[in-house]
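Keep in mind that what you see is a predicted model, and the values were worked out from it rather than measured. Just so you know, residue 1 is the first one in the sequence shown, and it goes up from there. Every number for a ligand or one of its atoms is a count from 1 in the order of the listing.
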Amino acid sequence: ADRLLGGFRKTSERLSANLTEVATKARLDDATLDDVEDALISSDLGPSAAARIRERLRAKRFGLEISETELKEAVAEEIAAILRPVAIPLEITAFPRPQVILVIGVNGSGKTTTIAKLAHWLVEDDYGVLLAAGDTFRAAAIGQLATWADRIGVPLVRGPEGGDPASIVFDAVKQATDTGIDALVVDTAGRLQNKRELMEELSKIRRVLGKLNPEAPHDVLLVLDATNGQNALSQIETFKEVAGVTGLIMTKLDGTARGGVLVAAAEQYGLPIHAIGVGETIDDLRPFDPDLVARVIA
Ligand code: GDP
């Protein structure tokens, strides 16, 4: 937990500083509640989560004296209440195997690194993993994934740069089926600049998958970069429309003061949050523990 604690340090410092300014007023009246709401919004929790937390505090504590510590504890409890319903681990349950996990997200969000971390995580849990290099658009993407695959010791299905991602996915499903793989993790291109092409590419991948197994893809994981703050939220909106999204992984929560966006995402979209990224190494993907995160940030 220390890495996680360290990871949220900046977010925590920011929210804490904002709440400390509020707490000096001691009695929980409407003006104080307004200040709490503002403090939450300026800590990236978003208007909707901020309003909800305000209402819950009002219902429970209005007119009572509240110390700074009590205020922070009360806010942490309300944050945990928002996060708990979406803290849903990614489970490998598909039958027949493989479980097909499509990973989507804009370039630079940490998608490739997250795929590597996820693969490593699954291997540690004794699952057989196969990677598919479906991002054939970016020159470096295939090589980067191949390097990770070597390092983790998992096989990779790849095609030529500029090749057809759907045909790579087709080959990968066949190989996964033939070799008894549990989880097939598919990298995809993250070109949001060209929404129509991206949409066509992803729907073609879906069509191919659907022919091989009507249940596939079982998961469509959107990787989000927490340092993008509120922009991460508009990415959820866009990718839901373009690709369908079944769950989120938020990366780069270490070293950013914008970790509050995790709470905003949970409140506004209610999508499962499967894991969080707190660093650049292979071990830096963490299960999403809502109580721990809430306690750390507030
Ligand atoms: P992609 O373009 O979405 O595939 O992004 P990459 O996986 O190549 O990651 C972009 C950069 O972000 C790389 O330098 C990664 O090491 C870094 N990165 C990825 N995840 C994290 C994280 O959780 N924390 C930090 N600090 N850096 C990360």
Check: Do Ile181 and Val129 come within less than 4.5 Å of each other through their side chains, counting heavy atoms only?
Finding: no
Check: Side-chain contact, heavy-atom cut-off 4.5 Å: Leu33 with Leu57?
Finding: yes
Note to self: Between Thr256 (side chain only) and Arg258 (backbone N and O only), is there a donor and an acceptor less than 3.5 Å apart?
What the structure shows: yes
Notebook entry, point to check: Listing by chain and number, which residues have a heavy atom under 4.0 Å from ligand 1?
Noted result: Val106, Asn107, Gly108, Ser109, Gly110, Lys111, Thr112, Thr113, Lys117, Arg138, Gln144, Thr251, Lys252, Asp254, Gly277, Val278, Gly279, Glu280
Check: side-chain hydrogen bond (donor to acceptor under 3.5 Å, both in side chains): which pairs involve residues 221-234, sequence neighbours left out?
Finding: Asp44-Gln230, Asp225-Thr227, Asp225-Lys252
Note to self: So that I can tick it off, tell me whether Lys195 and Glu241 are bridged by a salt bridge, with the cut-off set at under 4.0 angstrom between side-chain N and carboxylate O.
What the structure shows: yes
Check: Is Lys60 salt-bridged to Glu78, going by a charged N under 4.0 Å from an acidic O?
Finding: yes
